[in-house]
Protein chains: 2
Amino acid sequence: MPVWPRCRPGKILDRKTVTIQDVALAAGVSTATVSRAISSPEKVSDATRNTVLEAIRSTGYQVNVTASNLRRQRTGAIMVLVPDLGNPFFSRILAGIENATAARGYSVLFVDTKQPGMEPERIVMHLNGTRADGFISLDGALAGDFLSRHRPGGGQPPLVFACEWADGSDLPHVAINNQSGACLAVQHLVALGHRRIGHVAGPDGNVLTTTRLEGTRKSLNALELPIRDDWFFQGDFSLQSGAEAAEKWLKLKERPSAVFCASDQMAFGFISQLSLHGLSVPQDVSVVGFDDIDIARYYIPPLTTIHQPRHKLGTKAAELLLSQIEKQSPAVGDEILEVELIVRKSTAAPAGN
Amino acid sequence: MPVWPRCRPGKILDRKTVTIQDVALAAGVSTATVSRAISSPEKVSDATRNTVLEAIRSTGYQVNVTASNLRRQRTGAIMVLVPDLGNPFFSRILAGIENATAARGYSVLFVDTKQPGMEPERIVMHLNGTRADGFISLDGALAGDFLSRHRPGGGQPPLVFACEWADGSDLPHVAINNQSGACLAVQHLVALGHRRIGHVAGPDGNVLTTTRLEGTRKSLNALELPIRDDWFFQGDFSLQSGAEAAEKWLKLKERPSAVFCASDQMAFGFISQLSLHGLSVPQDVSVVGFDDIDIARYYIPPLTTIHQPRHKLGTKAAELLLSQIEKQSPAVGDEILEVELIVRKSTAAPAGN
DNA sequence: CTGAAAGCGCTTACAG
DNA sequence: CTGAAAGCGCTTACAG
C-alpha cells in the first residue's frame, strides 16, 4: 500500500500543483527567467522565451495570483461598495465597472454596505489595503472623516465615488449632472404648458435628492412658477414610495398638473397607484421620471424620463480609480457626465389647455 | 536632506505597514503566538491573548489577507460567473450570494461571461484554483466537458450552478421548479376559462426555456387543450423579444386568448406593444409572466406571475458551495426550490365567456 | 502553552 | 540576457 506524501497543509493526495519551479526545470532556465518571460517578455531573448512558453504549455502551468500579489505588494483587486446589491438600478453601473476592470487584469469585489451586520466599523475594516488596491463607492453616506485618508497621497488605497458622493469630501467622483437633469424635466413640462408642477424627491440627506431638488427649485424659480411644499413629496427612490406619493397627490385639493419624480421607480409606483384609482397618465397628470432604466420605454405609458449613462458611469469610475492606483497620479478631478431628456408618452399638455 | 529608505519595491516613502512582527515585538511574544491569538484563540493562554490583543490595538495591525491566503493554500474568494451583469434579473441572486458569503469570510468575485473578449478559453482560465476556492455559475451554457473536472473529488475547485445549469452535467445545482411554475401558470389560465393558450419561450437551448416549455406542453396535454406551433413564440427573455411576440400575435388569424410568457420582461414587452396598438390586458388577452421581479406588482396592469425566490436561490447556492469547499463533502445533491403563483390583474376570464 | 524555523509561490534588485 | 538569492507576511508541524 503506497504512502502518499503530504503535499500541502490540509490537503492530502493532491495532484501536485505546477509551479514556476517546474516550468524552470522543464525549460532548463531559472525561475527568474520564467517569471520575466511571462510578465516582461521584452527582457528575454526570443529563443529563451519560446522555450519557456513551450514549457508552460507542456506543464500546464498557471500563475499563482496570490503569490504574485504578495510579492508585488498588491492585491490585484478593487472593491466596490454598493448600498444595495439587490437593487437593479445598480446593475449596469456594476457591469461597467467590471468590464473596464477585467480588461486591465484586476478582479472586482462587491460588498453590500446595507447588509445586516455591515456596521460602519466593518466597512472601514474592508477599506484597508490588504483587501483591495482601491475602492469605488456607490454609497455617498460613508462617513467623510475616515475617508479623507483615502485621498490621493493619503497613504491609504485610493477611493473614488460613482453616482453618489460624500458631500463636503474632496475625494474624486464620477457622477451625472443631476441639476441639469432636473432642469430638463421641468422645462419640458413647462414647454407643454404646465404651470403647476410637483416633485417626488429621494431620501433625505442623499446628494442625488439634494441636487435634483435644487435643480427643480431653481428652474421653477427662474420661470416664476410656484414652489409649494404640499406639491413636494418625500420618497426614497423606491416603487413603494412613489405609490405613497400618489396617495398624497390624490388627497390634494389643488393638484399639480405634472409631477417630476427623482427616479423611474418612483414614477412607476406613482402611475401604478393612480391607475388603481382609475386615473391615467398623461390624461390626468403628466409624469417625468429619472434614470431611464430599461423598462421605462416598455411601461404603460412609455415613460418620459432623464437618461443616465449608467454603464459609462461605471467604466469612467473604474478608469479613474485604476489611473490613481497605477500612476499614483494625485491630480484627478471629478467627472460629470451629461444626461438627456427622453420624451415618451407619460407627458402631455395639461387637461385644461 | 534626509534619504528615505526604499521600503518596498515600487513604493517610495511609504508609511511602513504594520506586520505581525511588529505586534509580536510589542507584545513580547513570537509571531506564532500572535497568529494563534488571532485565529485560534483557544490555543493561547488568557494572559497572552490579552497582551497580544492589546498590542494589535496599539499598533493598528491588520492581517494581510494575501499572505495568509498564500500560506494557507487558498484564495479566500469565490467566483460568480454571470451571463450578463447588467441584467437586473440577476441582482437579487447576486445579493443573496454576497450576503451568505460575506458572513463566512469569503470575498465574492463577479465575472461577466458574455463580455466581449470573454471567450470560453478565457473563462476556463479563470476556473483555476489560484483565483478562487470555488465557483458559482449562473450561466448554464458553460461547456460541460471541461467542467467535469470541477466535480467533487475532481481535483479542481468545486463549481455549482444556480438558476441555470448545464444539461447532462452531474455538477450540483440550485434551481427552482420550472416545470411546476409553468403548470401553475397554465392551470390558472384554464381555471379562468381559457382554452386557447399561447406561450412566449426563452432562447433556444437554454435549460429554463426547455423546462418551462415542457411544463407548458405537459399541462396543455393533460388538459387536452391544443398545442399550436403558431401560438408558441420564440423569445430570449428580453423586453424587446416580448414586444416582437406581440407583433406576431397581432398578425394571427386565430389568436390565443391567453399567453404565458417565460419571463416578466417578455410579458412587459408583450403588453406594452399591444397597448401601442390600442389593445389592453386582460380585456383583449390575458398574460402571465415568470419571475415576479419587483416591478411586476407596479406594472399596468399589475402582472400575474410565477414568483421565484431569487435571494434564497443565491444564498442556497453559496451555502452549497461553501460546504463543498470547507468540508470537501463529495456527497451533495441538487436543490430545487418551489415557486408560487401570484395572481394580480393581468389575467381574467376570456372575453367570449 | 509557546517558540524557532520552514516554506507557501512568486518577483526583482543586484551582479555578472 | 540570465541566475542566485532575498524576501513579500503569514501559518503550522514539530519540539519543548
Side-chain angles (χ1 to χ4, degrees), chain A residues 5-12 14 16-25 27-52 55-56 59-76 128-131 133, chain B residues 5-12 14 16-25 27-52 55-56 59-76 128-131 133:
Chain A
R6 299 200 73 174
C7 304
R8 312 229 220 93
K11 292 208 179 179
I12 315 197
D14 201 345
K16 191 174 162 306
T17 337
V18 181
T19 74
I20 205 170
Q21 303 265 15
D22 302 313
V23 180
L25 215 63
V29 298
S30 72
T31 57
T33 301
V34 176
S35 178
R36 289 192 198 101
I38 295 169
S39 41
S40 350
E42 75 285 359
K43 289 188 182 162
V44 151
S45 77
D46 286 7
T48 319
R49 185 166 52 250
N50 290 334
T51 321
V52 171
I56 288 176
T59 55
Y61 171 71
Q62 302 205 268
V63 182
N64 181 316
V65 182
T66 308
S68 166
N69 285 335
L70 173 60
R71 182 52 235 262
R72 294 168 62 196
Q73 296 285 112
R74 52 169 248 161
T75 69
N128 85 71
T130 87
R131 295 190 176 268
D133 301 326
Chain B
R6 299 200 74 176
C7 306
R8 313 232 221 90
K11 293 207 180 181
I12 316 197
D14 201 345
K16 191 175 162 302
T17 335
V18 181
T19 73
I20 205 170
Q21 303 265 15
D22 303 312
V23 180
L25 216 61
V29 297
S30 72
T31 57
T33 300
V34 176
S35 178
R36 288 192 199 103
I38 296 168
S39 41
S40 349
E42 74 286 358
K43 288 188 182 161
V44 151
S45 75
D46 285 6
T48 319
R49 184 166 53 251
N50 290 334
T51 321
V52 171
I56 289 177
T59 53
Y61 171 71
Q62 301 206 269
V63 181
N64 181 315
V65 182
T66 309
S68 166
N69 284 336
L70 173 59
R71 182 52 237 258
R72 293 167 64 195
Q73 296 285 115
R74 52 168 248 159
T75 69
N128 85 70
T130 88
R131 293 190 178 268
D133 301 326

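Here is how names work: the chains are called A, B, and so on, in the same order as the sequence lines, proteins then strands, and each is numbered from 1. Side chains are part of it too, since the values below use all heavy atoms of this structure and drop only hydrogens, waters and symmetry mates.
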Sort and list the pairs that fulfil side-chain hydrogen bond (donor to acceptor under 3.5 Å, both in side chains) and have at least one residue in residues 33-45 of chain B, not counting sequence neighbours. B/S30-B/T33, B/S45-B/T48

So does A/Q73 get a side-chain nitrogen or oxygen closer than 4.0 Å to the phosphate oxygens (OP1/OP2) of D/dG9? yes

Quick one: salt bridge (Lys or Arg N to Asp or Glu O under 4.0 Å) partners of B/D22, sequence neighbours excluded? B/K16

Distance-minimising heavy-atom pair for A/T31 and A/I20: O-CD1, 3.8 Å

Comparing B/T33 and A/A67 on DNA chain D - which has the more 5′ nearest nucleotide: A/A67

Pairing residues for A/R49 by the salt bridge (Lys or Arg N to Asp or Glu O under 4.0 Å) criterion, not counting sequence neighbours: A/D46

Without decimals, in angstroms, what is the distance between B/L25 CG and C/dG3 C1'? 15 Å

Rounded to whole angstrom units, what separation is found between the CD1 atom of B/I20 and the C1' atom of D/dT12? 12 Å

Selection from D/dG3, D/dT12, C/dT12 that lies nearest to any side-chain heavy atom of B/A32: D/dT12

B/D133 and B/T75: side-chain donor and acceptor closer than 3.5 Å? yes

Between A/S30 and D/dA4, is there a side-chain N or O to OP1/OP2 distance below 4.0 Å? no

B/S68: side-chain contact (heavy atoms from CB on, under 4.5 Å) partners, not counting sequence neighbours: B/V63, B/R72

Measure from CZ on A/R72 to C1' on C/dT12 and round the result to the nearest Å. 11 Å

Min side-chain heavy-atom separation B/V52-B/I56 under 4.5 Å: yes

So what's the dot-bracket for DNA chain D: Watson-Crick or G-U pairs under 3.5 Å, [ ] if a pair crosses, | if it pairs off-strand? |||.||||||||.|||

Using whole Å, what does the distance between atom P of nucleotide C/dA4 and atom CD of B/Q21 come to? 11 Å

Which parts of residues 36-50 of chain B get close to DNA chain D, meaning a heavy atom less than 4.0 angstrom away? B/R36

side-chain contact (heavy atoms from CB on, under 4.5 Å) partners for B/A55, two or more places apart: B/V23, B/A26, B/A27

If I take atom CG in residue B/L70 and atom P in nucleotide D/dG7, what distance separates them, rounded to the nearest angstrom? 17 Å

Starting the side chain at C-beta, find the nucleotide from C/dC10, D/dC10, D/dC8 nearest to B/V63. D/dC10

With sequence neighbours left out, write down each residue that passes side-chain hydrogen bond (donor to acceptor under 3.5 Å, both in side chains) with A/Q62, or none if nothing qualifies. B/N128

Interatomic distance at C1', D/dG16 relative to D/dT12, whole Å: 16 Å

